[in-house]
Amino acid sequence: MNARLLAVLLVAAAAGFAEDWDFNHVVKAIESHYGVKRTHIPFMGVGNFALKVKHPAGTQEFQLAVFEDLDSSPAYRDLADRDRLMNAISAHGLHPVITVHSRRDAQSTYIFLTDSGKSARMLIAAFRRDGATVIGVKTDVDTVLKAIEDPQGMAGSLGADLDQ
Amino acid sequence: MKFQVALLAAALAPVCAQQLPLPGNLEALSEKAEESVNVTLDGAMLQFAAKWLPDTGEDARVKKLIAGLQGIYVRSYQFAGEGEYSKADVDALRDQFRPPAWSRIVGAHSKRSGGDADIYFKADANGNIAGIVIIAAEPRELTIVNIAGTLDPTQITDLGGRFHIPMLDLTCCSSARRESR
């Protein structure tokens with residue numbers, strides 16, 4: 001019985017670790033590539049609670065990282081370089097599902113997915129003119145399909161401020 | 001032995017159902033485009049979506065349809081003006097879909113918009129549809145769709161408007177072909 005309980009706990013811990021790993025991997029890749037650190041967000045620890053109250057687009061287990069002043073890096077304006085960075089991330093087990101570039105609005109949105117059993121783990125990296133937001137959420141297939149139809153709209157509804 | 005064969009098939013499946021190789025000039029179009037969209041839904045992601053789509057309503061038809069697919073890949077580019085991509089580049093792309101492996105079932109040209117739409121089918125050894133490629137070239141917009149897997153041609157219209165696949169009115173395309181070509 002104890003062995004079975006331990007196995008269940010280990011599987012649950014491994015799943016949680018994988019989800020954190022995906023999010024942290026994307027965040028660290030951006031930090032390393034552009035030589036910046038994510039912006040500290042006060043009270044981010046209550047993010048899950050706030051999300052449960054707000055229920056944006058059927059999501060749970062919310063993670064958010066915000067980057068400012070990315071345009072201080074000369075590489076930041078290079079879209080091909082950004083694609084290479086994001087493609088390298090996808091080589092680590094995340095499925096890249098959709099990429100949208102808007103040169104007119106100086107925005108790029110990348111959505112990655114992993115199938116985590118009864119739900120999907122969705123990572124959104126939304127780049128705007130001078131900064132970026134990375135969002136990790138556990139979500140249902142309806143939200144995933146909506147995100148594919150309107151990636152920028154979904155990024156905005158989850159907190160990525162693309163208008164700045 | 002069966003296990004090895006299954007393992008080999010599983011390993012080869014992603015290779016067979018990948019993004020279309022684009023001619024070099026088209027590969028670089030996202031640099032020129034005002035807006036570009038790149039959709040990559042491989043077999044694993046489609047099976048995931050199929051698993052969770054409801055069995056009722058319009059979604060049920062899409063669920064049944066995508067269950068047999070190995071991948072949906074879409075590249076779409078919108079340009080600020082005309083002439084940002086060359087007709088020769090698109091012709092080089094079309095050249096990849098020649099008989100006997102591929103058949104062009106729709107070739108439409110609109111005199112009004114100046115756009116071309118081509119749909120190519122690939123059949124497997126049993127005569128079933130094993131892949132569809134759609135190339136829609138408007139003066140300021142280019143969309144390339146690659147659908148890999150088994151599907152009924154009449155189901156294509158169900159995918160139109162989803163996953164950034166253009167809405168397809170095959171009746172309209174057929175009549176356009178008769179009128180314009």
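In this structure, B:Lys64 places its NZ atom where only 12 or fewer heavy-atom neighbours from other residues, nucleotides or ligands lie under 6.0 Å away. Remark: A:Lys28 NZ is loosely packed, at most 12 non-hydrogen atoms of other residues, nucleotides or ligands lying under 6.0 Å away.
How far CZ of B:Arg75 is from OG1 of A:Thr99: 9.5 Å, rounded to the nearest 0.5 Å. Taking CG of A:Leu113 as the start and OG1 of B:Thr40 as the end, the distance is 11.0 Å to the nearest 0.5 Å. Distance check: A:Ile98 CD1 to B:Met45 CE gives 14.0 Å after rounding to the nearest 0.5 Å.
Nearest heavy atoms, B:His164 versus A:Ile148: NE2-O, 2.6 Å.
Residue contact with chain B, scored on non-hydrogen atoms closer than 4.5 Å, is absent for A:Ile111. Of the atoms belonging to B:Ala44, it is side-chain heavy atoms, and not backbone ones, that fall under 4.5 Å from chain A.
Not a single donor-acceptor pair under 3.5 Å links the side chain of B:Glu35 to the backbone N or O of A:Arg103.
If you chain together hydrophobic residues whose side chains sit under 4.5 Å apart, A:Phe127 and A:Leu79 never meet in one group.
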